[in-house]
Amino acid sequence: MQAMLLGELRARWLLLVLCLFVGSGFAQTADTQQINDLRQKAFAAELEGEHSEAGDFFARLCKEDPEDSRWFLRASDNYGKAGRFNDAVRILMQGRKQFSDVPELGVMLCKTFHLKAESMQRDGVFDDNVLAYYENAAQVAKELLELNAVHLEALLGLAQAEFALGQLDAAEATAGRAIAAHPGAPGGHIIVGRIHLKRFIDAKTNLNQAGDRAANRAELAKEVQRLRALADGAFESANAADPGRAYPLVALGDIAAWMGEYEAAFAEYRKAMSIDPQAPIKHDWLRQNTDVDLRVTLYDSVRESYLQTTDPSAQAIATVDWYRALARFDKGNWREAASLFESTLEPLPEIADSYYYLLQSVYWSGDEAACMQYSLAFARKNRTRFADLARNDLRCLAILRIMAKKSFESEKFEDSRDLNHVMAFASQSAADWNNYAFLCRKTGKFEEAFLGYQMALSDEPNSPQLMNDAAVILQHDLKGEENLAEARKLYEQAIAVAEKMLAEGDLSEEEKARTEKALSDAKLNLAEMVGG
């Protein structure tokens, strides 16, 4: 009996172990499948350029598969590309605690602090928070260097942070350590070049401000030449280390431009853009200081050269074509300009200014229908930018008024409204805001109509007609106790102002008729309100 009981207990124990084993096996399979699914989704999102979504998937992998440091790196990289720097920092801080022996996490953290600071500066922020991010980058780099004194990325990260913090001597020394340890790498030479470039620009600015009769002019000129030679030498070394990098050539062009050596600058920019058409060339400077025929030749030759490179980017080609179009626009080759601008709309959707040049190019080419199409597209894509560009461009404003009038005459009131909105932003005049407000009411945009009348009143605060029209919106279209009370005040104010203007008698016949009409309308509307 005891043997049977022992045998039964053993069997039950074995069954329990088997159940646990099988259960564990199924759980393992489910976990593995879940991780594989997350990996597929994460890499797919990354491949599609959906970096925010990819970052979230990789962050989930950090929790589901926490023994793999790659997920922390990829999550932070994608968060950084999506501009979610705080999330990137959080993931990397977690990763560094868990993987103290993976220096790549520290390198990525250092880079992320740099990216965050640079992003803030691009947004116009230059405060202690920016400095704090650079200081954080420097601290992380120093921690990496304690483990490996010649770690290239750490040396470069530290030097960049010191440069951003204005510690030029320290940055030069750190970059020098990078060059000594890694003479074939371009990064150290580039940072040294940037340091000497800043010093050169400061010295050149001092020389320019000193004047021809300055006692120390010769000494200042000598210092400019010395610093120019140092900057040139550093960027030439960077170019020798990596001939496929555009930035050193851009910098050499900038130095030549500062010295007034425009042909030399032109040549360096051409070489840089032939490598990377999206290199940070000062195209506005080229536009202002270079003959338009030279720019046409430059951008055409850049395109031809770039097409000979390995695997040219469609977006980079579109960038060259955009500047080819702009050069032809400046030359007055309207049809060619229009064709090139049109070809860049899809690959470069972020350049809203394309519509500004395009609508004018097609108009002067004689295609008013296309002009209407692109005018409306720009007005609806970025009306404030449209207004900023058109404000001091009488030709563009004239085209815009023609398109707005044609829309109104064709009873396309929504189109006319949107174009008038741009004109109102551009002129800030009561007349244009009045037109916009009228069209808003006509198209059922009552709140926008009232705001339009308010903007008109800010330009002409003593206009009884505008007061009356604004009150009409409140009375009939934006009903409510507060709005009705405000409407009554506006009618009373319109009546008082109109009566005063007529009593003073200093009005032209046209102004008198308009004021009398406003007075009559306001009295009738107020009587209707009181009677109601």
Side-chain angles (χ1 to χ4, degrees), residues 80-81 107 110-112 114-115 117-119 121-122 134 137 152-164 168 171-172 174-176 178-179 182-202 204 227-259 261-286 289-290 298-299 301-303 305-306 308-313 315-320 322-323:
K81 289 174 180 175
V107 170
C110 180
K111 289 180 179 178
T112 302
H114 275 289
L115 290 171
E118 291 163 4
S119 174
Q121 289 178 309
R122 282 194 299 272
Y134 283 125
L152 177 60
E153 287 83 2
L155 287 167
L156 297 179
L158 177 57
Q160 288 171 352
E162 290 168 336
F163 177 77
L168 300 190
E172 185 177 0
T174 304
I179 293 171
H182 308 275
H189 298 291
I190 289 175
I191 294 174
V192 170
R194 290 177 63 199
I195 293 167
H196 290 314
L197 176 59
K198 177 174 174 32
R199 290 168 172 163
F200 158 77
I201 291 173
D202 290 344
K204 187 68 170 69
L227 292 170
R228 190 253 173 99
L230 290 172
D232 278 344
F235 287 121
E236 286 165 359
S237 295
N239 183 55
D242 185 3
R245 183 174 293 204
Y247 174 71
L249 298 169
V250 174
L252 289 168
D254 290 345
I255 294 168
W258 268 96
M259 295 299 292
E261 301 167 2
Y262 294 160
E263 289 186 11
F266 205 76
E268 296 295 348
Y269 291 150
R270 182 193 179 284
K271 288 188 286 186
M273 284 188 288
S274 295
I275 295 170
D276 178 11
Q278 296 171 301
I281 303 294
K282 294 179 176 61
H283 294 280
D284 287 342
W285 180 88
L286 282 172
N289 294 279
T290 307
L298 168 69
Y299 293 122
S301 65
V302 165
R303 190 183 200 278
S305 299
Y306 180 68
Q308 305 306 314
T309 62
T310 303
D311 194 23
S313 158
Q315 191 173 52
I317 294 170
T319 301
V320 179
W322 198 92
Y323 288 109

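These numbers come from a predicted model, not from an experiment.
- Two residues are said to be in side-chain contact when any heavy atoms from C-beta on lie closer than 4.5 Å; I275 and R245 fail this criterion.
- Two rings, from Y262 and W285, have their centers less than 6.0 Å apart.
- At most 12 non-hydrogen atoms from other residues, nucleotides or ligands lie less than 6.0 angstrom from NZ of K111.
- Note that NE2 of H283 is 5.0 Å distant from OH of Y299, once rounded to the nearest 0.5 Å.
- Across every non-hydrogen atom of L156 and A178, the tightest pair is CD2-CB, 4.1 Å.
- Centroid-to-centroid, the aromatic rings of F235 and H189 stay 6.0 Å apart or farther.
- Across A161 and A137, no two heavy atoms sit closer than the pair CB-CB, 4.4 Å.
- Distance check: S237 OG to D242 CG gives 13.0 Å after rounding to the nearest 0.5 Å.
- When side chains are defined from C-beta on, Q278 counts as touching Q315, because their heavy atoms get closer than 4.5 Å.
- The distance from atom CD1 of I190 to atom CD1 of I195, rounded to the nearest 0.5 Å, is 12.0 Å.
- In this structure, F200 CZ and D254 CG are separated by 10.0 Å, a value rounded to the nearest 0.5 Å.
- Residues A175 and V192 share a closest heavy-atom pair of CB-CG2, 3.6 Å.
- Using a 4.5 Å heavy-atom cutoff, the side chains of M273 and V320 are not in contact.
- Taking each heavy atom of A231 and G193 in turn, the nearest pair found is CB-O, 4.3 Å.
- The CD1 atom of I191 sits 13.5 Å away from atom CG of L197, with the distance rounded to the nearest 0.5 Å.
- A 4.5 Å side-chain heavy-atom check between L286 and L298 finds at least one atom pair inside the cut-off.
- Closest non-hydrogen pair, V250 versus A279, comes out as CG2-CB, 3.9 Å.
- With contacts defined as side-chain heavy-atom distances shorter than 4.5 Å, the pair R270/S305 qualifies.
- The side-chain heavy atoms of E162 and E172, taken from C-beta on, include no pair separated by under 4.5 Å.
- Summarising the geometry of S274 relative to T309, their closest heavy-atom pair is O-CG2, 3.8 Å, with the distance given to 0.1 Å.
- Q160 contributes atom CD, which lies 9.5 Å from atom CG of L158 (distance to the nearest 0.5 angstrom).
- A donor atom on one side chain and an acceptor atom on the other are not found under 3.5 Å apart for D276 and Y306.
- Put simply, the side chain of E268 does not reach to within 4.5 Å of the side chain of E261, judged on heavy atoms.
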